[in-house]
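Letters A, B, ... are given to chains in the order of the sequence lines, protein chains preceding strands, and every chain is numbered from 1. Everything numeric in this text was worked out from a predicted model, so none of it was measured.
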Amino acid sequence: MPSEETVEVIQRELLDWYREHRRDLPWRKDKDPYRIWVSEIMLQQTRVDTVIPYYERFLNQFPTLNDLANATDDQVIKAWEGLGYYSRARNLHSAVKEVAANYGGKVPDELKTISKLKGIGLYTAGAILSIAYDKKAPAVDGNVMRVFSRLFAIPDDIARQSTRKKMELIAEHLIPAHAPGDFNQALMELGAMICTPQSPHCLFCPVQTVCHAFHEGLQDELPRKKKAKPPVQVNVLFAWFLQGDKVLIEKRPDTGLLAGMWALPTVEQQAGESPLRTMEKFCDKKTIPATNYIVKSQLEHIFSHLHWKIVLVQAEVTDSTFPLPEGWEWSELDDLHTKAFANVYRKALKNLL
DNA sequence: AATTCGTGGCC
DNA sequence: TGGCCAAGAAT
């Protein structure tokens with residue numbers, strides 16, 4: 001642990017720097033716990049510039065916690081369309097309804113309580129408690145781990161959970177009781193603007209004088225991080241089942257990949273199997289009366305852990321009165337824009353419409 | 001502990 | 001251009 005003297009230098013320099021240089025971000029206009037909460041969920045694994053327009057629209061559509069609690073699932077997921085990690089939206093909606101129903105609409109201000117809400121882990125709990133309620137709670141995200149890794153020359157792999165635990169102990173030790181919210185945000189802001197992953201701007205760093213990595217020239221070697229595995233390749237088929245100006249769409253299950261989003265009927269295809277044969281078996285299994293199969297186009301989409309090689313196959317449904325598979329619906333072509341589709345399906349639709 | 005969850009921007 | 005990364009949580 002750093003000495004008391006070092007702790008004081010870090011606190012003072014970081015707070016002074018933050019109060020001078022902090023970005024004017026839309027979630028920094030007030031300390032409404034609900035607004036802070038929404039911003040923290042959106043910012044998980046997502047860049048500030050990407051979040052800003054979503055945040056503005058979302059808060060415009062759901063200005064208060066009760067507005068969100070009273071919204072439908074479809075409204076919420078549509079507001080999240082394109083932002084990714086869609087379970088965040090479902091968990092947020094669920095948790096907000098829980099707060100409205102069981103906490104009188106007031107976001108809990110205790111770690112033990114707020115941590116029970118869906119989608120709120122230790123980081124998000126600490127961020128909300130410190131920023132909205134001025135509570136001394138650690139909020140260790142990727143920025144903070146990178147900053148600590150360099151500041152104290154910690155060689156541990158920041159991809160490991162045990163490393164985050166270590167960092168949280170350090171954060172507890174560093175956070176000043178008089179400004180926990182600003183200090184936590186200062187650490188993150190430093191990571192975002194100065195102590196960046198590549199080529200950190202050490203010459204402008206407010207804590208350069210006490211930075212272990214800088215003095216040893218290790219800023220480009222730290223933090224250490226295990227490389228992610230490459231995405232697994234999977235061949236999938238998107239079905240474009242037309243009848244007149246209607247098309248079949250499928251609501252994905254509320255867990256797993258693209259949870260709760262609308263999709264084109266999707267099936268994995270075996271290696272070496274032709275798209276038309278896959279389509280034939282798919283229709284047979286789902287007892288879909290369709291004919292005139294045509295391969296329309298092919299595309300690829302890379303998720304974090306999956307690499308989809310996609311074939312788009314069109315077919316004409318000959319009898320629209322057949323029993324629909326669970327979760328399937330007919331949609332007017334003109335209504336597709338009102339449904340929430342993940343980007344991979346938006347890309348496909350662009351090729352088809 | 002290691003995986004699973006999206007997407008877009010950057011060099 | 002493709003690998004890397006971004007205010008993580010759930011399982």
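When the P atom of C:dC5 is taken as reference, atom NZ of A:K226 falls 13 Å away, rounded to whole Å. Between the CZ atom of A:R224 and the P atom of C:dC5 there is a distance of 14 Å, given to the nearest Å. Taking atom CD on A:E40 and atom P on C:dA6, their separation rounds to 16 Å, with Å as the unit. In this structure, the NZ atom of A:K225 is 8 Å from the C1' atom of C:dC4, given to the nearest Å. Rounded to an integer number of Å, the gap from A:H307 NE2 to C:dG3 P is 11 Å. Rounded to an integer number of Å, the gap from CD1 of A:I41 to P of C:dA9 is 7 Å. Counting to the nearest Å, the P atom of C:dA10 and the CD atom of A:Q161 are 12 Å from each other. If you measure from atom CG of A:L122 to atom P of C:dG8, you get 13 Å, rounded to the nearest angstrom.
Electrostatic pairing of A:D24 and A:K29 does not count as a salt bridge here, judged by no charged N lying under 4.0 Å from a carboxylate O. The residues A:D182 and A:R19 are annotated as salt-bridged, a charged nitrogen and a carboxylate oxygen being separated by less than 4.0 angstrom.
Across A:R164, A:E168, A:E40, a single residue satisfies side-chain hydrogen bond (donor to acceptor under 3.5 Å, both in side chains) together with A:Y123, and that is A:E40.
Comparing the same atom, P, in C:dA9 and in B:dG8 gives a spacing of 23 Å after rounding to whole Å. C:dA7 and B:dT3: their P atoms are spaced 23 Å apart (whole Å).
If you check residues 135-144 of chain A against DNA chain C, the residues with a heavy atom closer than 4.0 Å are A:D141, A:G142, A:N143, listed by number. Contacts between residues 165-186 of chain A and DNA chain C, defined by a heavy-atom separation under 4.0 Å, are absent. Looking at residues 12-29 of chain A, you'll see A:R23, A:L25, A:W27, A:R28 sit with a heavy atom under 4.0 Å from some atom of DNA chain C.
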Task: Derivation of the side-chain hydrogen bond (donor to acceptor under 3.5 Å, both in side chains) call for A:T124 and A:Q44 - done: CA-CA 9 Å; A:T124 303; A:Q44 288 170 6; 3.0 Å; yes
TODO: Might you work through the side-chain hydrogen bond (donor to acceptor under 3.5 Å, both in side chains) test for A:Y345 and A:T266, ending with a clear yes or no?
DONE: CA-CA 10 Å; A:Y345 290 103; A:T266 300; 2.6 Å; yes
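Heavy atoms of other residues, nucleotides or ligands lying less than 6.0 angstrom from CZ of A:F322 number more than 12. Remark: A:K296 NZ is loosely packed, at most 12 non-hydrogen atoms of other residues, nucleotides or ligands lying under 6.0 Å away.
Within the structure, the ring-ring contact (aromatic ring centres under 6.0 Å, His included) test picks out the following pairs touching residues 137-166 of chain A (sequence neighbours left out): A:F148-A:F152.
The shortest side-chain heavy-atom distance between A:Q243 and A:W330 falls under the 4.5 Å cut-off.
Distance check: A:L83 CG to A:M42 CE gives 6.0 Å after rounding to the nearest 0.5 Å. Expressed to the nearest 0.5 Å, how far CD of A:Q11 lies from CD1 of A:I175 amounts to 9.5 Å. The distance from the CG atom of A:D220 to the OG atom of A:S199 is 7.5 Å, given to the nearest 0.5 Å.
In terms of the salt bridge (Lys or Arg N to Asp or Glu O under 4.0 Å) criterion, residue partners of A:R28 (sequence neighbours excluded) are, by chain and number, A:E189.
Both A:I120 and A:V48 lie close to DNA chain C; mapped to their nearest nucleotides by heavy-atom distance, the more 5′-ward contact belongs to A:V48.
When ring centroids are compared, A:F303 and A:W308 come within the 6.0 Å threshold.
Counting non-hydrogen atoms under 4.0 angstrom, A:T124 reaches the backbone sugars and phosphates but no base.
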Task: Protein-to-nucleotide contact annotation, 5' to 3' order, nucleotides 5-11 of chain B [B base; S sugar-phosphate only; - none; under 4.0 Å, heavy atom] - done: BBBBB--
